[in-house]
A.B. asks: 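Pasting a structure below so you can have a look.
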Amino acid sequence: MINIKENEKLSIMNHSCAHLLAQAVKHLYKEAKFWVGPVIEEGFYYDIDLGDKTLTDEDLPKIEREMKKISKDGKRIIRHELSKEEAKEMFKDDPYKLDLISRMDENEERISCYSQGDFTDLCRGPHVDTVKKLKYFKLIKHSGAYWKGDANNKMLQRIYGVCFETQEDLDAYLQELEEAKQRDHRKIGKEQELFMTHELVGSGMPLWLPNGALIRHELENYIYKKERDMGYNHVYTPCVGTVDLYKTSGHWDHYKENMFPMMKVDEEEFVLRPMNCPHHMLVYKNKMHSYRDLPIRIGEFATDFRYEASGAVKGLERVRCMCQNDAHLFVRPDQIGDEFKRVVSLILDVYKDFGIKDYKFRLSLRDKNDKEKYFDDDEMWDTAENKLREVLNELKVDYFEAEGEAAFYGPKLDVEVKPAVGPEVTLSTCQLDFLLPRRFELTYVDSNGEKQTPVVIHRAIFGTFDRFTAFLIEETKGAFPTWLAPTQVEVIPVSSEFQGDYASSVTEKLKEAGIRAELDDRNEKLGYRLRESQTKKVPYTLILGDKEKQDNTISYRLHGQKETTTISQEEFIKLIQEEINKKEIRK
Ligand code: TSB
Ligand code: ZN
């Protein structure tokens, strides 16, 4: 999908279109006051104070019509420059614009405004020279948005839109948008009964339904086996810890705003854990280690709780209760490179198995000026960051660097992917940490009998099962490969009266062979049941009529295909078992 913000011409048009939107809103709602209207990857939005009014879906076409009218009228867009004082005078009745003016750079003496007909807005520009050039636009959606993103502030009305140079470009974009909406894991998750949410459980706390839970079990088994093969040992630890645990780790000082508040039980002060590292440090510390024992790899499918802003919470992709596919690898300094490489190969291996091709590696570094978020030890950071660069260059993987994205304890290599809707997110992560082993006073005994401090690599291949499943749903559009599909085979007798028994015995046989088969012998038309099996995206649909019953065969149809193939029951079981065992993906 095109990134409008990165396209100079479209960026200017979309910015201008945000002003056009504001002008139309002002015509329709006299009391409207405007906060900011930036260009984003998907077009533009404007945050507007409409007093007590909350927008409804019916309002957008009305606003759009007014925008068209203004555009046809064809006024020129004119830039003026004012002094700060003049600007304050001009916007004296507008607290939002006054706030913006007061936050402008001290050195910025001149402030620019843009006018079109009866509407003037504070803006750096640039803009197109006439509203006539803004013809092919669409208002996409509206939502509430707290002023300055702070839940203690007033809720403003946000309107999103997009503008193109031609009708064809706009149509193509809207079609892509529609396709993305169809792929949205929240939509498919509901249709296929994968997960649900309920306000009584809380925001960002999804419930995995049986179909979703089946997929998750398969993912857990898959990665558990890989990790066992690579020498990981798995543990179970509680999803709470005391405040003191997180004071020791540094989370209390550097990660508190992402944590749920403390709760007191008897004399102990607990927090729901946001990460599992402190628990795993204690597991390591439970006994003495020799340099020969390292690397020690402690894995866990571990539940964590994080405070995510209510506006950021999204389906399974960004949750407040998540399960990490986590592990902490305790290594000697001379093992960092090799172990890091093993993690990166595992990531690449897993992505290959799932057919994931569209991703970017991001080297996430600290922001040197942010002493609050990042532990203050420049030498330690420089060593860790350089070590990661060195390994990445050796591995010859393409990556980009991003400052301010590191964890508070160290730099990371993150894998970034693009969901159907919304900004990029991190899936896998691999992080280098010299800090926590020091804070927990971890040691191993070296070949001279001296105590040394190990280095820790934090890594999550799936990231969380939650986010990875969200991603997988969108990648596959809900048509999961057979090994993951909640129902692998739908068995449909042409008529339940005549082939019902046969269909039932075939279903049983498949189940005995460990295949997730379902019988649909409802008294519904064949066409209806076939369509439903297609909508549910079941990989194999068996259609059993008289002929099949007579010959003891089955006819199957693959999801998304029209033709049927007839083979013996045994052949079918062999074929599907092979596909499941190989974890084949069909693209
Ligand atoms: C890898 N301590 C490390 C761990 O050892 C850690 O917690 N790293 S993390 O903060 O980057 O989180 C690990 C992964 O969890 C991320 O890469 C991301 O894929 C996933 N994740 C983070 N926040 C959320 C969330 N709110 N919802 C779903 N998944 C999330
Ligand atoms: Zn960790």
Side-chain angles (χ1 to χ4, degrees), residues 185 195 197 203-206 208 216 219 223 227 232 235 237 239 241 245-246 249-251 254-255 257-260 272-284 297-330 340 343 346-347 350-351 356 359 361-364 373 402 405-417 419 422-437 439-440 442 455-472:
H185 77 278
F195 67 97
T197 49
S203 152
M205 307 277 180
W208 291 68
R216 177 156 155 187
L219 294 176
I223 201 73
E227 289 177 352
Y232 288 53
V235 297
T237 60
C239 60
L245 178 67
Y246 289 97
S249 64
H251 284 81
H254 299 284
Y255 203 71
E257 67 279 15
N258 300 89
M259 290 162 68
F260 276 63
L272 291 170
R273 69 175 171 194
M275 290 191 192
N276 320 302
C277 346
H279 293 74
H280 291 184
M281 302 291 140
L282 297 178
V283 169
Y284 176 90
R297 308 177 180 94
I298 311 281
E300 184 173 359
F301 301 155
T303 300
D304 296 319
F305 294 83
R306 289 188 189 173
Y307 170 74
E308 295 279 1
S310 62
V313 163
K314 180 179 171 199
L316 285 182
E317 182 184 304
R318 188 171 295 280
V319 291
R320 286 177 169 170
C321 170
M322 65 199 80
C323 182
Q324 281 198 37
N325 157 224
D326 203 4
H328 294 92
L329 320 174
F330 299 82
F340 202 85
V343 175
L346 177 59
I347 293 176
V350 169
Y351 282 34
I356 306 172
Y359 58 87
F361 278 113
R362 177 182 76 187
L363 177 59
S364 305
K373 179 167 170 197
E405 294 289 345
F408 76 84
Y409 44 74
K412 337 184 255 171
L413 176 67
D414 292 323
V415 180
E416 298 294 294
V417 294
E424 283 187 347
V425 290
T426 303
L427 226 48
S428 314
T429 185
C430 183
Q431 317 171 349
L432 191 54
D433 177 5
F434 292 92
L435 178 69
L436 295 196
R439 294 189 67 117
F440 281 91
L442 304 186
V455 179
V456 166
I457 295 174
H458 308 237
R459 47 104 287 177
I461 305 301
F462 284 150
T464 51
F465 289 98
D466 314 82
R467 185 171 287 178
F468 192 81
T469 305
F471 179 75
L472 208 59

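Just so you know, ligand 1 is whichever comes first in the structure, and atom 1 is the first atom listed for that ligand.
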A.B. asks: Under 4.0 Å between a side-chain nitrogen and a carboxylate oxygen: does that hold for R362 and E405?
C.D. replies: yes

A.B. asks: Which of the atoms in ligand 1, numbered in the order shown and given with their element, are less than 4.0 Å from a heavy-atom of C277?
C.D. replies: 2 (N)

A.B. asks: If I apply the N/O under 3.5 Å rule, does F462 come out as touching ligand 1?
C.D. replies: no

A.B. asks: So, is H328 polar-close to ligand 1, with some N/O to N/O distance under 3.5 Å?
C.D. replies: yes

A.B. asks: Would H280 count as a contact residue for ligand 1, given that I'm defining contact as a non-hydrogen atom of the residue lying under 4.0 Å from a ligand atom?
C.D. replies: no

A.B. asks: Compare every heavy atom of A406 with every heavy atom of P411, then report the nearest pair and how far apart it is.
C.D. replies: CA-CB, 3.9 Å

A.B. asks: What I want to know is whether T426 and ligand 1 share at least one N or O pair that is separated by under 3.5 angstrom.
C.D. replies: yes

A.B. asks: Write out the residue and atom name of the closest protein heavy atom to atom 15 (O) of ligand 1, then the distance separating them to 0.1 Å.
C.D. replies: T464 CG2, 3.5 Å

A.B. asks: Let me check your reading of the structure: within less than 2.8 Å of the Zn ion (ligand 2), is there an N/O/S atom from H280?
C.D. replies: no

A.B. asks: Is it the case that S428 and Y351 place a side-chain donor and acceptor less than 3.5 Å from each other?
C.D. replies: yes

A.B. asks: Any salt bridge between E227 and R459, counting N to O under 4.0 Å?
C.D. replies: yes

A.B. asks: At what distance is the nearest protein heavy atom to atom 3 (C) of ligand 1, and which residue and atom is it?
C.D. replies: Y409 OH, 3.3 Å

A.B. asks: Find all atoms of ligand 1 within a distance of less than 4.0 Å from any non-hydrogen atom belonging to T429, and give their numbers and elements.
C.D. replies: 1 (C), 11 (O), 13 (C), 17 (O)

A.B. asks: Measuring centre to centre across the rings, with the benzene-like ring taken for any Trp, is F465 within less than 6.0 Å of F468?
C.D. replies: no

A.B. asks: So which protein heavy atom does atom 1 (C) of ligand 1 come closest to, and at what separation?
C.D. replies: D326 OD1, 3.4 Å

A.B. asks: What protein heavy atom sits nearest atom 26 (N) of ligand 1, and how far away is it?
C.D. replies: E308 OE2, 2.7 Å

A.B. asks: Where is the tightest heavy-atom contact between V313 and G204, given as atom of each residue plus distance?
C.D. replies: CG1-CA, 3.4 Å

A.B. asks: Please list the nearest protein heavy atom to atom 22 (C) of ligand 1 with its residue and the distance rounded to 0.1 Å.
C.D. replies: R306 NH1, 3.4 Å

A.B. asks: Considering only NZ, NE, NH1 and NH2 on the basic side and carboxylate oxygens on the acidic side, decide whether E300 and R273 come within less than 4.0 Å.
C.D. replies: yes

A.B. asks: Which ligand 1 atoms, with their elements, are less than 4.0 angstrom from a heavy-atom of K412?
C.D. replies: 11 (O)

A.B. asks: Measure from atom 24 (C) of ligand 1 to every heavy atom in R467, E416, H251 and give the option owning the shortest one.
C.D. replies: R467

A.B. asks: Given N276, which of H458, M281, Q324 fulfils the side-chain contact (heavy atoms from CB on, under 4.5 Å) condition?
C.D. replies: Q324

A.B. asks: Are the aromatic rings of Y307 and F260 close, with centres under 6.0 Å apart?
C.D. replies: no

A.B. asks: Looking only at protein heavy atoms, which one is nearest to atom 27 (N) of ligand 1, and how far off is it?
C.D. replies: V319 N, 3.0 Å

A.B. asks: Which is the closest N/O/S atom of H458 when seen from the Zn ion (ligand 2)?
C.D. replies: ND1

A.B. asks: Just which atoms of ligand 1 are under 4.0 Å from any heavy atom in M322?
C.D. replies: 23 (N), 24 (C), 25 (C), 26 (N), 30 (C)

A.B. asks: Quick test: of every protein heavy atom, which one is nearest to atom 14 (C) of ligand 1, and how far off is it to 0.1 Å?
C.D. replies: G463 CA, 3.9 Å

A.B. asks: Would you mind telling me which of H251, R439, Q431, H254 makes a side-chain hydrogen bond (donor to acceptor under 3.5 Å, both in side chains) with Y409?
C.D. replies: Q431

A.B. asks: Ignoring hydrogens and angles, tell me if any N or O in the side chain of D433 forms a donor-acceptor pair with the backbone of L435 under 3.5 Å.
C.D. replies: yes

A.B. asks: Look at atom 11 (O) of ligand 1 and say which protein heavy atom is nearest, naming residue and atom and giving the distance to 0.1 Å.
C.D. replies: Q431 NE2, 3.3 Å

A.B. asks: Any non-hydrogen side-chain atom of D466 less than 4.5 Å from a side-chain atom of C323?
C.D. replies: yes

A.B. asks: With a 4.0 Å cut-off on N to O distance, would you call E308 and R320 a salt bridge?
C.D. replies: no

A.B. asks: Side chain, backbone, both or neither: which part of Q324 comes within less than 4.0 Å of ligand 1 when only heavy atoms are counted?
C.D. replies: side chain

A.B. asks: Judging by distance only, is a nitrogen or oxygen of L427 under 3.5 angstrom from one on ligand 1?
C.D. replies: yes

